[in-house]
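To start, the structure itself, in structure tokens.
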Amino acid sequence: MSALLSVNGNGAPEKRHKVTVVGSGNWGSTIAKIAAENTKAHPELFEEQVQMWVFEEEVTYEGKTEKLSHVINTHHENIKYLPNIKLPTNLVANPSLEDAVRGSSILIFNLPHQFIHKTCATLKGKIVPYARAISCIKGVDVSDEGVSLFSEWIGDGLGIYCGALSGANLASEIAQEKLSETTIAYDPPPMDNSRNPSRTATPRSATPARSDPRSSGDNLSVTPVADLQHRDARGRISKTRLTPVPPEYPPLDHVTFKALFQRPYFLVSMVSDVAGTSLSGALKNIVALAAGFVVGKGWGNNAKSAIMRVGLLEMIKFGKEFFGETVSTATFTKESAGVADLITSCSGGRNFNGAMHAVEQGVSVQEIEQKELNGQKLQGTSTAAEVHSFLKTRGKEQDYPLFTATFDILEGRKSVDDLPAILAKAQS
Ligand SMILES: NC(=O)c1ccc[n+]([C@@H]2O[C@H](COP(=O)([O-])OP(=O)(O)OC[C@H]3O[C@@H](n4cnc5c(N)ncnc54)[C@H](O)[C@@H]3O)[C@@H](O)[C@H]2O)c1
Ligand SMILES: O=P(O)(O)OC[C@H](O)CO
């Protein structure tokens, strides 16, 4: 083990990582279940108790109106967002965001992307400066000026490093412990007390280590400070001065993150391409809507596969065009976060089902979301709008005909019957 670690008399690091999951929806509760199973299994790395921030609301339990957090803590079940799944007793639902993150060195962000801005604004200045984060959010942050990833947005906003977890991960199946793979992208600059600082790809560039006037003592000589730097699609460069993980803690590296997420039923592949992992999870939701449209029409599996093929090409093109060399094509074609997520989402995802039911019933996707999802949120509809706005500002709508048509269908400007012509144009 690295000489950077501060160890006790038994040779083990003195402190353990406290873990908080920010979010408690369908996927948030499932990931919190996994994390709590693993903190219990790895007492040498983590504090056993996992905090889960719950956006508080009232629910009806056995005929009585109760707070959701109270029901989770009393009955160990999220009856609204993950019903019929027993949650570990070391998972604690907490309606106070500030209290839930207090002292946590690992933050897992897992909530619908429309709520992340407000949540991060509340968190600013409330977390420990050496925290590291993983974003499980499938969406992109878009303004008319540009597009950025939530992993970047969270990292820059909170002054910490944030990686990404994404994959072929239908939450309901994983909650039932059915076999699944996932991809975790984590690639901080080589400054943490890491056992394996091998960096095969660099989604952001880190400037070389410099001494930090705010550091003092032994820490300064053994743990360099690094600036995390990235250029967004607006061409703007932002820099985050990272605070080192103190040497009393186990390293926050691939080994530790794999220990936090890997289960016998949840197989983790660790990679370095944060941008590709985040982007594929966001963009596949647009393709899943289009796949749902054609299946809703009764056009069958071949039509759906054609949508998926063209959609995958647009996903890769978008990544390459707007995130350049930071995105690896292999993430889209070889990882669970890429093609496997596209396949599962176009088979049984909420976006796919919502679009299919909308066409079958002749109503809007938003109406289906209201009617069928009991508070769960579709990410594809807002991502389609945001990506469309970004492309339109750049005059690039026609370069991404499937993304553009999907948004136009959602808006009622085009019909599903226009899709065959779009697919015909995509033939070489
Ligand atoms: N559900 C899945 O199968 C799945 C799988 C992989 C990834 N994801 C991604 O995970 C992310 C989280 O999705 P989910 O399925 O956990 O959520 P969900 O669709 O179940 O959304 C509901 C959550 O939003 C919360 N919420 C409602 N209003 C809020 C507000 N004003 N502020 C903050 N929170 C509020 C609710 O309390 C609830 O926790 C999304 O980006 C999604 O794309 C989902
Ligand atoms: O149900 P969806 O459409 O939000 O997709 C869920 C997951 O992203 C599938 O990996």
Side-chain angles (χ1 to χ4, degrees), residues 21-34 52-59 67-69 72 78-83 85 93-95 97 100 108-123 134-141 149-151 153-154 164-176 178 180-183 266 277-278 280-292 335-357 365 368-369 372-384:
V21 180
V22 178
S24 54
N26 191 233
W27 186 222
S29 301
T30 303
I31 277 289
K33 171 180 179 288
I34 288 172
M52 176 172 76
W53 174 57
V54 171
F55 179 75
E56 192 67 286
E57 58 189 290
E58 294 192 331
V59 291
K67 301 273 190 216
L68 179 58
S69 61
I72 295 173
N78 186 338
I79 59 164
K80 176 151 184 193
Y81 294 105
L82 195 62
I85 298 293
N94 192 335
L97 184 55
I108 303 167
F109 285 86
N110 200 333
L111 66 171
H113 76 278
Q114 47 270 53
F115 305 129
I116 192 73
H117 285 186
K118 196 164 169 238
T119 306
C120 280
T122 310
L123 284 180
I134 297 286
S135 164
C136 303
I137 296 160
K138 290 184 175 174
V140 281
D141 181 44
L149 310 169
F150 279 106
S151 46
W153 203 90
I154 292 165
L165 180 154
S166 191
N169 296 152
L170 295 173
S172 53
E173 293 182 11
I174 297 165
Q176 294 170 64
K178 293 181 177 174
S180 176
E181 294 179 311
T182 202
T183 309
F266 194 57
T277 299
S278 301
S280 52
L283 297 175
K284 63 85 188 172
N285 282 333
I286 307 177
V287 185
L289 288 171
E335 288 294 331
S336 180
V339 64
D341 193 8
L342 184 64
I343 293 169
T344 207
S345 296
C346 294
S347 307
R350 297 170 299 184
N351 288 285
F352 169 77
N353 284 326
M356 179 175 70
H357 294 164
V365 176
I368 296 290
E369 183 179 28
E372 296 183 358
L373 282 180
N374 191 29
Q376 293 183 37
K377 306 286 178 203
L378 293 180
Q379 305 285 276
T381 44
S382 46
T383 302

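We're numbering straight along the sequence, starting at 1. Counting starts at 1 for both ligands and their atoms, following the listed order.
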*For the residue pair Leu149 and Asp141, establish whether any side-chain heavy-atom pair is separated by less than 4.5 Å.*
no

*State, to 0.1 Å, how close Thr277 and Ser280 come at their nearest heavy-atom pair, and which atoms those are.*
O-OG, 3.3 Å

*asked:* Counting non-hydrogen protein atoms only, what is the nearest one to atom 19 (O) of ligand 1? Give residue, atom name and distance.
replied: Lys377 N, 2.8 Å

_Please determine whether any non-hydrogen atom of Glu57 lies less than 4.0 Å from an atom of ligand 1._
yes

_Quick check on contacts: which atoms of ligand 2 are under 4.0 angstrom from a heavy atom of Ser345?_
9 (C), 10 (O)

*Looking only at distances, please establish whether an N/O atom of ligand 1 is found under 3.5 Å from an N/O atom of Gln379.*
yes

*Report yes if the side chains of Leu111 and Thr119 come closer than 4.5 Å at any heavy-atom pair, otherwise no.*
yes

*asked:* Any non-hydrogen side-chain atom of Leu373 less than 4.5 Å from a side-chain atom of Leu378?
replied: yes

*In terms of residue, atom name and distance, what is the protein heavy atom nearest to atom 3 (O) of ligand 2?*
Asn351 ND2, 2.7 Å

*Counting each atom of ligand 2 from 1 as listed, which ones have a heavy atom of Leu170 under 4.0 Å away?*
6 (C), 9 (C)

*Would you kindly specify which portion of Lys284 sits under 4.0 Å from ligand 2, judged on non-hydrogen atoms: side chain, backbone, both or neither?*
side chain

_Is it the case that ligand 2 has an N or O less than 3.5 angstrom from some N or O of Gly167?_
yes

*Short question: side chain of Asn78, backbone of Ser29 - any donor-acceptor pair under 3.5 Å?*
no

*When you measure from atom 41 (O) of ligand 1 to every protein heavy atom, which one gives the shortest distance, and what is it?*
Lys138 N, 2.9 Å

*Please check if the side chain of Asn285 supplies one atom and the backbone of Asn351 the other of a donor-acceptor pair under 3.5 Å.*
no

*asked:* Is there a polar contact between ligand 1 and Gly25, counting only N or O atoms under 3.5 Å apart?
replied: yes

*Would you mind listing which atoms of ligand 2 come within a distance below 4.0 Å of any non-hydrogen atom of Lys138?*
7 (C), 8 (O), 9 (C), 10 (O)

*For atom 10 (O) of ligand 2, find the nearest protein heavy atom and state the residue, atom name and distance (0.1 Å precision).*
Asp341 OD1, 2.5 Å

*Evaluate the side-chain proximity of Phe55 to Leu68: yes if any heavy-atom separation is below 4.5 Å, no if none is.*
no

_Can you confirm, on distance only, whether ligand 1 has an N/O atom lying under 3.5 Å from any N/O atom belonging to Trp27?_
yes

*Using distance alone, with no hydrogens and no angle criterion, decide if Thr182 and Asn169 have a side-chain donor and acceptor under 3.5 Å apart.*
yes

_Can you confirm, on distance only, whether ligand 1 has an N/O atom lying under 3.5 Å from any N/O atom belonging to Thr119?_
no

*asked:* So, 4.0 Å and heavy atoms of Ala288: is ligand 2 close enough to count as a contact?
replied: no

*Judged by non-hydrogen atoms, does Ser24 sit under 4.0 Å from ligand 1?*
yes

_Flag side-chain contact, heavy atom, 4.5 Å: Lys377 against Gln114_ = yes

*With only distance considered, is Arg350 within less than 3.5 Å of ligand 1 through an N or O on each side?*
yes

*Would you confirm whether Gln379, through its side chain, and His113, through its main-chain N or O, come within 3.5 Å as a donor-acceptor pair?*
yes

*What are the atoms of ligand 1, with element, lying closer than 4.0 Å to any heavy atom of Cys136?*
9 (C), 10 (O)

*Among all protein heavy atoms, pick out the one at the shortest distance from atom 25 (C) of ligand 1; state its residue, atom name and that distance to 0.1 Å.*
Phe115 CE1, 4.2 Å

*Tell me: protein heavy atom nearest atom 3 (O) of ligand 1, and distance?*
Ala171 N, 2.9 Å

*Go through the side-chain N and O atoms of Trp53 and Asn94 and say whether any donor and acceptor fall under 3.5 Å apart.*
no

*Within the structure, does Pro112 bring an N/O atom to less than 3.5 angstrom of an N/O atom in ligand 1?*
no

*How close does the nearest protein non-hydrogen atom get to atom 5 (C) of ligand 1, and which residue and atom is it?*
Asn169 O, 2.8 Å

*With a 4.0 Å heavy-atom cut-off (strictly under), which part of Thr344 contacts ligand 2: side chain, backbone, both or neither?*
side chain

_Of the listed options Phe150, Phe55, Tyr81, closest to atom 30 (C) of ligand 1 (non-hydrogen atoms)_ = Phe55

*asked:* Parallel, tilted or perpendicular: which one describes the rings of Phe150 and His117, with boundaries at 30° and 60°?
replied: tilted

_Worked check of salt bridge (charged side-chain N to carboxylate O under 4.0 Å, His left out) between Glu57 and Lys80_ = CA-CA 10 Å; Glu57 58 189 290; Lys80 176 151 184 193; 2.7 Å; yes

*asked:* So if I count the atoms of ligand 1 from 1 in the order they appear, which ones are less than 4.0 Å from some heavy atom of Asn110?
replied: 10 (O), 11 (C), 12 (C), 16 (O)

*What atoms of ligand 2 come closer than 4.0 angstrom to any heavy atom of Asn169?*
7 (C), 9 (C), 10 (O)

_Nearest 0.5 angstrom please: Ile174 CD1 to Phe266 CZ, how far?_
5.0 Å

*Numbered atoms and elements of ligand 1 in range of Ile137, under 4.0 angstrom, heavy atoms*: 41 (O)

*Considering distance alone, does some N or O of Leu170 sit under 3.5 Å from an N or O of ligand 1?*
no

*Can you tell me if Ser69 uses its side chain to pair, donor with acceptor, with the backbone of Ala93 under 3.5 Å?*
no

*Going by the atom numbers of ligand 1, which of them fall below 4.0 Å from some non-hydrogen atom of Gly375?*
22 (C)

*If every non-hydrogen atom of Gly28 is compared with every non-hydrogen atom of Met52, which pair is closest and at what distance?*
O-SD, 4.4 Å

*Over all heavy atoms of both residues, which pair between Ile108 and Cys136 is shortest? Give the atoms and the distance, please.*
CG2-SG, 3.7 Å

_Within ligand 2, which atoms have a heavy atom of Gly349 less than 4.0 Å away?_
1 (O), 3 (O)

*asked:* Looking at non-hydrogen atoms alone, which of Arg350, Gln376, Lys377 comes nearest to atom 1 (O) of ligand 2?
replied: Arg350

*asked:* Using a 4.0 Å heavy-atom cut-off, which part of Ser172 comes near ligand 1: side chain, backbone, both, or neither?
replied: neither

*Just distances here: any N/O of Asn285 and N/O of ligand 1 closer than 3.5 Å?*
no

_What's the separation between atom CG in Leu165 and atom CD1 in Ile31, rounded to the nearest 0.5 Å?_
5.0 Å

*Any luck finding a side-chain donor-acceptor pair between Glu181 and Ser336 under 3.5 Å?*
no

_Under 3.5 Å: N/O of Trp53 near N/O of ligand 1_ = no

*Got a donor-acceptor contact below 3.5 angstrom from the Thr344 side chain to the Ala340 backbone?*
no

*Starting from atom 20 (O) of ligand 1, locate the nearest protein heavy atom and write down its residue, its atom name and how far away it is, to 0.1 Å.*
Asn26 N, 2.9 Å

